[in-house]
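Predicted model only: the values in this text are computed from it and were never measured. Each residue takes its place number in the sequence, starting with 1.
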Amino acid sequence: MSAEEPVRWLGDDEHRAWINLAKVLLTLPGALESQLLRDADLTLLGYMILARLSVVPGESLRMSEIAEMANGSLPRISHAVARLEARGWVTREVRTGQGRRFTTATLTDAGRAHLAASAPGHVATVRRLVVEPLGEDFVRLGDAVERIVENLGLPTEVLDAGKR
């Protein structure tokens, strides 16, 4: 926005909607993580990493792909994956290809089992906090939010729900 352009302030309905969306953005991740920590000794990021690994071919991804999926830095993702590895839920391996070295993370049998045990409680929390209050609006909200995801330049691929 240039200095000459007037600010397009939010109208009353837009302001109310924005404040409520901001509350959700700031509060929902903590609520989801609290349930996961309490019931599965797993952070939300850790759960998302295990879930993502569980639906990709070979249950393995480059660390850079995990960072992109989680919109996180490589050091942050490396730390999160190290915690999962310490618990035996993933393994990491340095590989070479196309003249470059890279690290992959692979889901283990124990990680798959922990994800399977964690998923019902997590899904129940997602249903209680998000899906049920929105009812039929949930899918429409997801479609609308996808436009924000695209505008942010993030991938919009859909995971196979049958494998989680």
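For the pair Arg87 and Asp41, the minimum side-chain heavy-atom distance is below 4.5 Å.
Glu65 CD to Met63 CE: the interatomic distance, rounded to the nearest 0.5 Å, is 11.0 Å. We find the CH2-CD distance between Trp9 and Glu14 to be 13.0 Å, quoted to the nearest 0.5 Å. If you take CG on Leu61 and OG1 on Thr103, they are separated by 13.0 Å, rounding to the nearest 0.5 Å. Note that OG of Ser34 is 10.0 Å distant from CG of Leu44, once rounded to the nearest 0.5 Å. For the atom pair CD of Glu59 and CG of Asp109, the computed distance is 8.0 Å after rounding to the nearest 0.5 Å.
In terms of heavy atoms, Ile77 sits closest to Ala70 at CD1-CB, 3.7 Å. Residue Ala80 comes nearest to Leu45 through the heavy atom pair CB-CD2, 3.7 Å, listed as atom of the first residue, atom of the second, then distance. For Pro29 against Val24, the heavy-atom pair with the smallest separation is CD-O, 3.7 Å. Nearest heavy-atom pair across Ser118 and Leu42 is OG-CD2, 4.2 Å. What you find for Phe102 and Arg62 is that their closest heavy atoms are CE2-NH2, 3.3 Å. Shown here for Ala105 and Val81, the closest heavy-atom pair between the two residues is CB-CG1, 4.1 Å.
Ile148 and Leu10 sit in two unconnected hydrophobic clusters of ILVMFWY residues. Membership requires side-chain heavy atoms under 4.5 Å apart, directly or through other members. Both Met69 and Leu152 are assigned to one and the same hydrophobic cluster, defined by single-linkage of ILVMFWY side chains at heavy-atom distances under 4.5 Å. One hydrophobic cluster, built from ILVMFWY side chains closer than 4.5 Å, cannot hold both Leu115 and Leu37; they sit in different ones. Under the 4.5 Å side-chain heavy-atom criterion for Ile, Leu, Val, Met, Phe, Trp and Tyr, Leu28 and Val145 are members of the same hydrophobic cluster. Hydrophobic clustering keeps Leu26 apart from Leu141 (ILVMFWY residues linked when any side-chain heavy atoms are closer than 4.5 Å, directly or through intermediates).
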For residues 122-132, tabulate all N or O donor-acceptor pairs below 3.5 Å that involve a side-chain atom, not counting sequence neighbours.
unit_1, atom_1, unit_2, atom_2, d
Thr125, OG1, Gly121, O, 3.0

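Comment: Arg140 engages Asp137 in a salt bridge, judged by a side-chain N to carboxylate O separation of less than 4.0 angstrom.
Within 6.0 Å of the CG atom in Asn20, the count of heavy atoms belonging to other residues, nucleotides or ligands exceeds 12.
Judged by distance alone, the side chain of Glu93 and the main-chain N or O of Thr104 form no donor-acceptor pair under 3.5 Å.
Checked against Leu107 for a side-chain contact (heavy atoms from CB on, under 4.5 Å), the options His114, Arg52, Arg112 give a single hit: Arg112.
Judged as a side chain to side chain donor-acceptor pair (under 3.5 Å), the pairs with a partner in residues 74-85 (not counting sequence neighbours) are, in order, Ser78-Arg92, His79-Arg83, Glu85-Arg92.
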